[in-house]
Amino acid sequence: MLTAFGHQHWWPGDSPFEVLVGAVLTQNTNWTNVEKAITNLKNANALDPFIIRDMPNEQLAALIKPSGYLNLKTKRLKNVIAFLCEKHEGDIENLKNYPVYQLREDLVSINGIGPETADSIILYALEKPTFVIDTYTHRILTRHQLIDPDAQYEDLKEYCQYNLPEDTQLYNECHALLVQIGKNYCKPKPKCENCPLNKYPHQLEELYT
DNA sequence: GACCAGGCACATC
DNA sequence: GATGTGCATGGT
């Protein structure tokens, strides 16, 4: 993957806090839309935990509007930032003092932070080794029959971590590359126009005659 | 106009 | 515990 696509330089962002915000805003959303939302926050001088914490929900929703699910993501951002401000003095660097399992447990307990968002924050904002699983990773690994099709998040994570040395930079690059491959070659509905079965009637009984 | 995008919580069975 | 649904905008 690295030979084909080169280094991905993830996560795009100027600070760990920006990475955290991006991790929430990119939930089920195209990254270009997230960039617009983050630009809005920057232009409003609002990319700061305490400023967002004290901002009215309507104002925050208006700024992050391009990333979609604005009301939902307003609450989710406020939740994770409340955790950061109230328990860690608003300084994301303080989170680095905790072991990965503890961080993950704390993050996942926040409403709006699921396993992928938690892992993204831990890997890309805190630079600690935990493998991030996303839709593309799931799709690629199952379509290549590397893992059971109904494998869950934790199964996929375990598979990846078991088969790779525990290394932050490797996990970083590998996940970013899987996303790159997925975007280009692993669409949700595979194009079937070249399938030889298309030459035959779409009745199962007729395929046998 | 349909489909898709770097999920998650909640309801229901 | 598995499965279905709502959440919303912008690009292709």
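Predicted model only: the values in this text are computed from it and were never measured. We name chains A, B, ... by the order of the sequence lines, and we start the count at 1 in each one.
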Using a strict heavy-atom distance below 4.0 Å, which residues from residues 166-179 of chain A are in contact with DNA chain C? none
Answer yes or no: does atom [atom1] of [X] have more than 12 heavy-atom neighbours from other residues, nucleotides or ligands under 6.0 Å?
X        : atom1 : result
A:Tyr153 : OH    : yes
A:Phe50  : CZ    : yes
A:Lys87  : NZ    : no

Other hydrophobic cluster members with A:Leu72, side-chain heavy atoms of Ile/Leu/Val/Met/Phe/Trp/Tyr under 4.5 Å, chained?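 Hydrophobic cluster check, A:Leu72: joined to A:Tyr69.
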In whole angstroms, how far is the C1' atom of B:dA5 from the NE2 atom of A:His138? 16 Å
A:Glu154 CD - B:dC8 C1' separation (whole Å):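 Going from A:Glu154 (CD) to B:dC8 (C1'), I get 14 Å.
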If I pick the P atom on B:dC10 and the same atom on C:dA8, what distance separates them, to the nearest angstrom? 15 Å
Taking only the P atom of each, what is the distance from B:dC3 to C:dT5 in whole angstrom? 16 Å
Of A:Trp31 and A:Ile110, the one whose closest DNA chain B nucleotide lies more 5':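 Looking at DNA chain B, the more 5' nearest nucleotide goes with A:Trp31.
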Could you tell me which residues satisfy side chain to side chain donor-acceptor pair (under 3.5 Å) with A:Glu173, sequence neighbours excluded, listed by chain and number? A:His7
Base versus backbone protein contacts along nucleotides 6-12 of chain C [heavy-atom cut-off under 4.0 Å; B, S, -]: -BBBSS-
Using a cut-off of 4.0 Å on non-hydrogen atoms, how would the nucleic acid contact of A:Leu25 be classed: base, sugar-phosphate, or nothing?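 Counting heavy atoms under 4.0 Å across all strands, no contact is made by A:Leu25.
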Sequence-distant partners of A:Tyr171, ring-ring contact (aromatic ring centres under 6.0 Å, His included), two or more places apart: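 Listed in chain order: A:Phe131.
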Looking at residues at least two apart in the chain, or sitting in another chain, which of them share a ring-ring contact (aromatic ring centres under 6.0 Å, His included) with A:Phe83? A:His88
Report yes if some heavy atom in the side chain of A:Thr130 is under 4.5 Å from a heavy atom in the side chain of A:Gln161; otherwise report no.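 Yes - at least one pair of side-chain heavy atoms lies under 4.5 Å apart.
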Are OP1 or OP2 of B:dA5 and a side-chain N or O of A:Arg139 less than 4.0 angstrom apart? yes
All N/O pairs under 3.5 Å across the protein-nucleotides 10-12 of chain B interface:
residue: B:dC10; atom: OP1; partner: A:Asn111; partner atom: ND2; Å: 3.3

Quick one, which residues of residues 115-125 of chain A touch DNA chain B with a heavy atom under 4.0 Å?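 Listed by number, they are A:Pro115, A:Glu116, A:Thr117.
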Tell me, please, which residues at least two apart from [X] pass salt bridge (charged side-chain N to carboxylate O under 4.0 Å, His left out).
X        : result
A:Glu116 : none
A:Glu93  : A:Lys96
A:Lys157 : A:Asp119

Just verifying a value: how many Å separate A:Tyr136 OH and A:Ile181 CD1, rounded to the nearest 0.5 Å?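 Going from the OH atom of A:Tyr136 to the CD1 atom of A:Ile181 covers 12.0 Å.
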For A:Thr117, which residues count as a side-chain contact (heavy atoms from CB on, under 4.5 Å) partner, sequence neighbours excluded?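 With neighbours one apart ignored, the set is A:Ala23, A:Val24, A:Gln27, A:Ile113, A:Ile121.
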